[in-house]
Amino acid sequence: MTRNLMIILATGGSVALLGGAFIFQMLGYPPCEMCLWQRWPHAAAIVIGLLALKIPGRVLPALGALAAATTAGIGIFHTGVERDWWEGPTSCTGTGGLEGLSGADLLAAEGPRVVMCDVVSWEFLTLSMASWNAIFSLDLMVGWIVAVMLSAGSTAAKTSRTL
């Protein structure tokens, strides 16, 4: 395995996960707030990957690993919210109060539809999209770390050739 191959695989993984999220959205599964949070690190990893293919060194692959770890962490947190292991943000979970609102008030309310972060809208093998994102993102993080290690090896090899 070469550094660039690992970067291509890790970057491609983020492209696939981000693309999959957009496909699910087009199929009628609108994202909740935490789903949107999970997309940003993938976008960052894609940009980092494209730069890392042009710029040698370990810094960019390390940032790619950080981006993958970030989206995995958000996915794990989101999974915990979905499974009622802990509370999520009140802006997108069922913990917000409705005191003072009648049924008529709720029906008459206009505005954007709020997608609840604590409700699983789709699952496969009992795992939600947030859970799958966490699993795959941890795999991508490992790929980025391998790219960091291969970057260190290629730097050492270049240094020994110049001596």
Side-chain angles (χ1 to χ4, degrees), residues 1-83 85-86 88-89 91-93 112 115-163:
M1 289 262 162
T2 66
R3 171 191 185 272
N4 281 354
L5 178 60
M6 291 309 301
I7 291 170
I8 289 168
L9 291 173
T11 303
S14 282
V15 168
L17 288 171
L18 192 55
F22 286 122
I23 289 170
F24 270 96
Q25 189 172 342
M26 289 187 303
L27 292 173
Y29 295 96
C32 71
E33 185 176 346
M34 284 197 288
C35 292
L36 294 174
W37 295 351
Q38 292 171 76
R39 293 179 184 189
W40 287 106
H42 283 300
I46 293 166
V47 172
I48 290 166
L50 294 173
L51 290 172
L53 289 172
K54 300 289 184 192
I55 302 170
R58 294 180 283 193
V59 172
L60 289 171
L63 289 175
L66 180 62
T70 300
T71 190
I74 297 168
I76 291 166
F77 178 71
H78 192 179
T79 296
V81 170
E82 292 172 334
R83 295 181 182 269
W85 295 341
W86 45 71
S91 60
C92 67
T93 59
V115 179
M116 304 305 285
C117 296
D118 56 355
V119 176
V120 175
S121 61
W122 179 91
E123 67 180 16
F124 178 68
L125 300 175
T126 71
L127 296 175
S128 69
M129 284 188 264
S131 302
W132 285 111
N133 177 62
I135 291 167
F136 290 130
S137 295
L138 288 172
D139 290 339
L140 296 178
M141 182 187 72
V142 170
W144 281 110
I145 291 170
V146 170
V148 169
M149 293 174 9
L150 291 171
S151 297
S154 66
T155 304
K158 287 179 187 174
T159 304
S160 68
R161 276 187 256 146
T162 58
L163 295 177

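None of these values were measured; they are calculated from a predicted model.
Judged by distance alone, the side chains of T11 and S14 never bring a donor and an acceptor atom under 3.5 Å apart.
Summarising the geometry, atom OG belonging to S151 is positioned 8.5 Å from atom CG belonging to N4; distances are rounded to the nearest 0.5 Å. Atom CD of E82 sits about 12.0 Å away from atom CE of M116, to the nearest 0.5 Å. To the nearest 0.5 Å, the span separating CD1 on I135 from CG on D139 amounts to 8.0 Å. Rounding to the nearest 0.5 Å places CZ of F136 at 13.0 Å from CE of M129. Atom-to-atom distance recorded for I145:CD1 and L140:CG is 11.0 Å, nearest 0.5 angstrom. Residue L18 holds its CG atom at 10.5 Å from CD1 of I23, rounded to the nearest 0.5 Å.
Considering only heavy atoms from C-beta on, M141 stays 4.5 Å or farther from W144 through its side chain. Between M6 and P61, the closest side-chain pair of non-hydrogen atoms is not below 4.5 Å. For the pair L5 and L150, the minimum side-chain heavy-atom distance is 4.5 Å or more. Residues C35 and F24 are not in side-chain contact: their nearest non-hydrogen atoms beyond the backbone lie 4.5 Å or more apart. The side-chain heavy atoms of R39 and P31, taken from C-beta on, include a pair separated by under 4.5 Å.
Contact record, S121 with Y29: O-CE2, 3.4 Å, taken as the closest heavy-atom pair. Closest heavy-atom contact between F77 and W86: O-NE1, 2.9 Å. The two atoms that bring A134 and G75 nearest to each other are CB-C, 4.0 Å, heavy atoms only. The heavy-atom pair separating L60 from I48 by the smallest distance is O-CG2, 3.1 Å. Taking all atoms of both residues into account, the shortest heavy-atom contact from I7 to A147 is CG1-CB, 3.9 Å. Across every non-hydrogen atom of T71 and P41, the tightest pair is CB-CB, 3.7 Å.
With respect to W132, the side-chain contact (heavy atoms from CB on, under 4.5 Å) criterion is satisfied by exactly one of L17, L125, T79: L125.
Side-chain atoms of S128 do not come within 3.5 Å of backbone N or O of E123 as any donor-acceptor pair. A donor-acceptor contact shorter than 3.5 Å links the side chain of R3 to the backbone of G57.
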H42 and N133: side chain to side chain donor-acceptor pair (under 3.5 Å), yes or no, with the steps?
CA-CA 10 Å; H42 283 300; N133 177 62; 2.8 Å; yes
